[in-house]
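In what follows, every chain begins at residue 1, and chains take the letters A, B, ... in the order their sequences are listed. Because the structure is predicted, anything quoted here is derived from the model rather than measured.
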Amino acid sequence: MTPETTGLDLLHAVEQTLVNEVGPLLAEAAPFSDVRFKILMAASAIRMVMREWRLRDELAALLARADGHGDLVAAIRAGEHDADAALHAALLADAELRTSISRPGAV
Amino acid sequence: MDEQARARLADWLGQALGARLAVTGAVRLSGGAIQENWQVAALVDGEPRAFVVRKDAAATIAASHSREHEFALISQAYEARVLVPEPVAFCADMGVLGSPFAVLAKVGGTGFGPRIVKDMALGGDRERLVAQLGAELARIHTIVPASNKGLDFLGEPPADPLHADIVGLRQSLDRLGAARAALEWGLRWAECQPSKRRDVTLVHRDFRTGNYMVDAEGLTAILDWEFAGWGDPMSDLGWFCATCWRFGRTDLEAGGIGSRAAFYAGYEQAGGWPVDPNAVAVWEVMAHIRWAVIALQQGERHASGREFSLEHALTGRMAAELELAVLRMTAPAAPPERSPV
């Protein structure tokens with residue numbers, strides 16, 4: 001079978017082009033320009049999309065759980081979960097998952 | 001700024017200063033859709049001077065108030081001997097530059113947080129710099145509601161600043177329609193902490209690396225006064241030391257540039273309030289929550305379609321790492337180990 005370029009491969013190629021080809025060009029021409037900053041932001045956003053895609057199943061499960069968080073918010077405010085270690089552990093796991101998409105270095 | 005605007009500015013500023021004044025140059029510095037900063041060179045009675053003109057790009061009533069209030073705050077801080085750019089004059093006349101504006105003396109230095117943290121050629125000795133920042137904060141905290149002149153727009157001082165902030169952040173989350181259980185957890189944790197009553201003072205509310213300027217020798221100015229209000233002085237210490245404002249140098253607990261001990265000592269020796277480490281710790285958690293709420297608000301500006309901005313979209317995503325930090329700081333205490341019988 002002919003190897004195919006997946007969507008993820010394409011994103012990776014775009015990200016690499018921005019970082020390795022467009023970025024250095026701008027670094028030379030205008031090191032502190034807004035455009036260079038925006039190119040770096042775009043590359044960062046693409047890396048985030050790639051991580052989100054790889055973790056999509058875990059994220060879908062997290063979002064399904066978070067759907068019911070309206071009631072949970074009210075309960076936390078009412079003090080019904082003070083020092084609730086199980087809830088804290090669950091929230092921590094969710095925050096770690098979200099952060100491993102947005103900024104893995106912070107996990 | 002065209003020739004006619006320069007001429008109107010020269011006339012108005014000359015009158016304000018009671019001097020012969022000619023504008024010799026005007027360069028736009030920075031800002032975005034909301035605000036414009038201009039560096040203006042002038043000859044004042046023949047002497048060269050440099051000013052910064054801060055104006056709103058568009059004349060909106062809410063925004064013009066903010067410029068006037070910011071000028072009032074900087075003026076009060078200047079009187080309290082805080083290192084701020086000298087406030088020169090405020091112009092409410094829309095006829096001069098199209099919207100109200102403030103004129104401040106130009107101050108040298110750089111303010112970009114990531115650069116200050118990395119570039120050791122800036123700011124002079126770092127322990128001295130954090131002590132100096134502590135001393136500036138102490139002077140800000142000498143401004144109290146009783147001595148308030150012209151700060152009525154700040155409203156009534158809150159009886160319990162921590163509680164007021166918790167209520168305000170919950171309201172912000174409700175307005176966003178954001179069910180963020182991690183932030184709620186952190187707010188409830190803060191609400192349950194024992195607190196000591198302290199006098200309410202002026203607090204800067206955005207006193208952090210990135211909002212002051214330094215040159216090779218040291219500090220040159222404290223900037224960004226638009227969030228200032230009445231509050232708990234310990235909240236400014238917590239905001240400054242919060243991990244999220246250390247720009248990667250988490251080992252340097254005072255703003256990513258120096259030790260907490262030097263910062264606290266500089267604060268107390270300059271007449272600041274006795275530092276309450278427990279209160280500062282609570283305010284550090286609150287700092288992460290407040291920054292997360294601001295990040296969500298920025299993200300919403302993009303997500304709602306009101307304002308297209310990749311930067312806002314990415315800022316919104318920062319809420320996750322801030323929530324993680326909040327949860328790590330607020331773990332329930334482990335159950336006491338059973339003592340051997």
Side-chain angles (χ1 to χ4, degrees), chain A residues 18 31-35 37-49 51-52 55 58-59 62-107, chain B residues 30-32 110 112 114-115 166-167 169-171 173-174 176-193 243-244 246 248 250 288 292 295 299 302 308-335:
Chain A
L18 291 179
F32 299 109
S33 75
D34 269 8
V35 184
F37 179 60
K38 283 182 180 175
I39 290 290
L40 295 176
M41 279 200 300
S44 159
I46 290 170
R47 289 192 294 274
M48 211 182 288
V49 171
R51 291 191 293 266
E52 186 166 304
L55 291 166
E58 291 88 335
L59 185 65
L62 181 153
L63 292 174
R65 283 195 300 279
D67 245 1
H69 276 188
D71 295 342
L72 179 60
V73 163
I76 292 172
R77 287 186 191 180
E80 290 164 27
H81 289 283
D82 291 355
D84 179 345
L87 176 65
H88 181 267
L91 294 177
L92 196 64
D94 282 0
E96 279 171 358
L97 175 61
R98 282 187 202 259
T99 307
S100 59
I101 292 169
S102 62
R103 192 160 161 248
V107 177
Chain B
S30 62
T110 179
F112 188 53
R115 181 159 169 218
I166 292 168
V167 170
L169 288 167
R170 283 177 178 154
Q171 284 169 349
L173 287 164
D174 288 345
L176 281 168
R180 305 290 294 213
L183 299 179
E184 299 290 344
W185 172 276
L187 287 169
R188 176 65 189 161
W189 175 89
E191 194 172 45
C192 293
Q193 300 310 301
T243 318
C244 55
R246 292 182 200 161
T250 47
H288 285 78
H302 173 82
F308 175 87
S309 161
L310 174 58
E311 188 174 3
H312 288 339
L314 287 173
T315 303
R317 287 291 190 107
M318 288 181 68
E321 70 197 72
L322 294 163
E323 287 175 324
L324 181 57
V326 167
L327 290 163
R328 285 179 174 163
M329 288 185 282
T330 59

Would you give the length of the straight line joining atom [atom1] of [X] to atom [atom2] of [Y], rounded to the nearest 0.5 angstrom?
{"X": "R77(A)", "Y": "R170(B)", "atom1": "CZ", "atom2": "CZ", "result": "6.0 Å"}
{"X": "S102(A)", "Y": "E323(B)", "atom1": "OG", "atom2": "CD", "result": "9.5 Å"}
{"X": "W185(B)", "Y": "D82(A)", "atom1": "CH2", "atom2": "CG", "result": "7.5 Å"}

Between R188(B) and D84(A), does any NZ, NE, NH1 or NH2 come within less than 4.0 Å of an OD or OE carboxylate oxygen? no
Would you please name every residue forming a side chain to side chain donor-acceptor pair (under 3.5 Å) with H88(A), sequence neighbours left out? none
Select one option (side chain, backbone, both, neither) describing which atoms of [X] are under 4.5 Å from chain B's heavy atoms.
{"X": "L92(A)", "answer": "both"}
{"X": "I101(A)", "answer": "side chain"}
{"X": "A42(A)", "answer": "both"}

Distance-only, no hydrogens or angles: does the T99(A) side chain make a donor-acceptor pair with backbone N or O of A320(B) under 3.5 Å? yes
Over all atoms of both residues, closest heavy-atom pair of A45(A) and L310(B): CB-CD1, 4.1 Å
Is any side-chain heavy atom of [X] closer than 4.5 Å to a side-chain heavy atom of [Y]?
{"X": "L314(B)", "Y": "M48(A)", "answer": "yes"}
{"X": "E96(A)", "Y": "R328(B)", "answer": "yes"}
{"X": "M318(B)", "Y": "R103(A)", "answer": "no"}

Heavy atoms only, distances under 4.5 angstrom: which of A95(A), S100(A), A89(A), A85(A) has the most pairs with chain B? Name it, please. A95(A)
Can you tell me which of L87(A), L91(A), L97(A), V107(A) forms the most heavy-atom pairs within a distance under 4.5 Å of chain B? L91(A)
